[in-house]
Amino acid sequence: MLMALQQELSLLAHLQKELNQRKTDGLLRQRRLLDSPQAEHIVANDKKFLSFCSNDYLGLANHPDLIAAMQRAAGDSGVGSGASNLITGHHRYHDNLEKQLAKFVEMPAALLFSTGYMANIGVIGALMGRNDAIFADKLNHACLNEGAYFSRAEFYRFSHNDVNALEKLLKASTAKHKLIAADAVFSMDGDIAPIPDYLRLCEQYDAYLYMDDAHGFGVLGKHGKGSLSHFNLKSPRIIMMATLGKAAGVAGAFVAGEQVVIDYLIQKANSYVYSTPAPPALSATLVASLSLIERGDDLRAHLQHLIQTLKRNLYLKKWQLMPSETAIQPLLVGSNHAAVKLSEYLQKQGILVPAIRPPTVPMNTARLRISLSATHTENDVLKFAQVLNQAESELA
Ligand SMILES: *Cc1c(COP(=O)(O)O)cnc(C)c1O
């Protein structure tokens, strides 16, 4: 009996060993306990911090209008969806948000998902199949790769933003259908993909473009319409995804594209079909958020000012900001331990920016993923720059 039990526990022993190894390698991740709303000043692990690490780029996660909208909508639509979309879970609030989102991004139709992760695995998994091929940037978000895996299509990865490498792959491909998948704004690098080049290749090689705009939506383009608007692009070959838990400040995601694409996904995207939609009250909140985004040119201008303020006030020799024009301004440090040491130094000064390490980023490119939000003040950023300058002179 005891023998059998020990054998059954071999998995648990294995898990413990893996965890110990992660710790030895300086890769063990830990959650912080947050006791405040998401904002620029937060309480984490019982301490107050000035935070530079949320994706709440416009500062909407704690916006009074949205809190009121959520309370109101919970009052008239309840708190739970209760059934999947194809049974009785598709509420008018969901439907209305989908229509508003499609109109906002100027695409024929849109479909809501509960998270961006679910959208990517569901959409790529549904649109591509065995005789198809997916071409993905090496630095894409993990869930795009998982979508490719679910689809069973051939899967090719090209070097970051490398249009020539991508063209070679497309040229050589005999796949029935081809999909280029890329982050529009790279989550750990902050740079923007060469989307116009990708679209040109799509037209040349009869491919389609799946663009994950998690970090461009709300921030880039006219009135925050996102990366497509930033480049002024429109094409029936484009399918876009954006998350609603980042700049939009709430939760969820949507996919937008031609009506036929959306109609097909409603039938075939498993993470849509077999899952309970987010509460309708969230959709009502997001309609209010969309309106703040659209009217948020001042927020975006302030955010741009903060980005320039950070760049102009860092005098670093060893560490460097990676080339980025977006609210994501990663500071490349290199080794895991050095990045963790810097992050700990900042925490002692009351500033929170976690170290990002492999496997989230490539080996030897551990970094501080600095992100700015429209709720930061110029003084917040000046103080942060001063502490970083000081940190380099003491640590590097
Ligand atoms: C955050 C993120 C996702 C996942 O979105 P969630 O709504 O958080 O699940 C997908 N793609 C990219 C590029 C992201 O940054």
Side-chain angles (χ1 to χ4, degrees), residues 29 31 34 38 53-58 60-61 94 97-98 101 105 110-125 134 136-150 157 160-161 179-195 198 209-220 226-228 230 238-256 269-272 275-279 282-283 285-286 289-290 293 322 324 326-330 354 356 359-362 367 369-373:
R29 296 162 179 213
R31 300 182 296 180
L34 189 68
Q38 191 60 263
C53 49
S54 86
N55 299 314
D56 181 24
Y57 303 120
L58 298 179
L60 301 184
H94 297 129
L97 176 60
E98 286 176 345
L101 284 167
V105 298
L111 185 67
L112 274 177
F113 284 78
S114 299
T115 70
Y117 208 108
M118 286 175 64
N120 281 346
I121 58 176
V123 175
I124 299 177
I134 296 164
D137 188 293
K138 275 208 171 127
L139 296 189
N140 275 355
H141 193 273
C143 56
L144 288 161
N145 298 341
E146 287 188 12
Y149 176 77
F150 277 121
R157 296 172 82 194
H160 183 48
N161 287 346
L179 186 73
I180 302 169
D183 287 20
V185 174
F186 285 82
S187 55
M188 295 300 143
D189 298 67
D191 57 343
I192 305 173
I195 306 170
Y198 292 169
L209 180 59
Y210 186 71
M211 238 195 44
D212 178 338
D213 206 17
H215 301 278
F217 182 75
V219 179
L220 295 179
S227 299
L228 288 177
H230 173 79
I238 298 177
I239 299 148
M240 74 160 282
M241 186 286 273
T243 58
L244 300 169
K246 289 171 182 164
V250 188
F254 71 96
V255 174
N270 285 347
S271 64
Y272 183 80
S275 184
T276 307
L282 288 190
S283 286
T285 311
L286 279 159
S289 166
L290 206 52
I293 289 174
M322 296 173 67
S324 160
T326 68
I328 304 167
Q329 291 288 320
I356 307 287
T360 309
V361 294
R367 67 197 68 173
R369 181 187 182 271
I370 299 166
S371 55
L372 298 164
S373 166

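We count ligands from 1, going down the list as the structure has it; atoms in each ligand are counted the same way.
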Ligand-residue contact atoms, ligand 1 with Asp183, heavy atoms, under 4.0 Å
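By the 4.0 Å cutoff, the relevant atoms are 13 (C).
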Under 4.0 Å from any heavy atom of Ser187, which atoms of ligand 1 are there?
15 (O)
Contact check, side chains of [X] and [Y], non-hydrogen atoms, under 4.5 Å:
X	Y	answer
Leu228	Met240	yes
Leu244	Leu282	no
Tyr57	Ile328	yes
Thr326	Val219	no

Step by step, work out the side-chain contact (heavy atoms from CB on, under 4.5 Å) result for Ile134 and Tyr210.
CA-CA 10 Å; Ile134 296 164; Tyr210 186 71; over 6 Å; no
What protein heavy atom is closest to [atom], reported as residue, atom name and distance in Å?
atom	result
atom 4 (C) of ligand 1	Tyr117 N, 3.6 Å
atom 13 (C) of ligand 1	Asp212 OD2, 3.3 Å
atom 6 (P) of ligand 1	Gly116 N, 3.3 Å

Could you pull out, from Asn55, Asn120, Thr243, the option with a heavy atom nearest to atom 5 (O) of ligand 1?
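That would be Thr243.
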Closest non-hydrogen atom pair, Ser289 against Ala248
OG-O, 2.7 Å
Indicate yes or no: does an N/O atom of Lys246 lie under 3.5 Å from an N/O atom of ligand 1?
yes
Under 3.5 Å, N or O to N or O, is His215 touching ligand 1 that way?
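Yes - when backbone and side-chain N and O of His215 are compared with those of ligand 1, one distance drops under 3.5 Å.
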Please report, to 0.1 Å, the donor-acceptor pairs under 3.5 Å made by any side chain of residues 138-145, with sequence neighbours excluded.
from   : atom 1 : to     : atom 2 : distance (Å)
Asn140 : OD1    : Asp183 : N      : 3.1
Asn140 : ND2    : Ala181 : O      : 2.8
His141 : ND1    : Cys143 : N      : 3.3

Heavy atom of Cys143, distance to ligand 1 below 4.0 Å:
yes
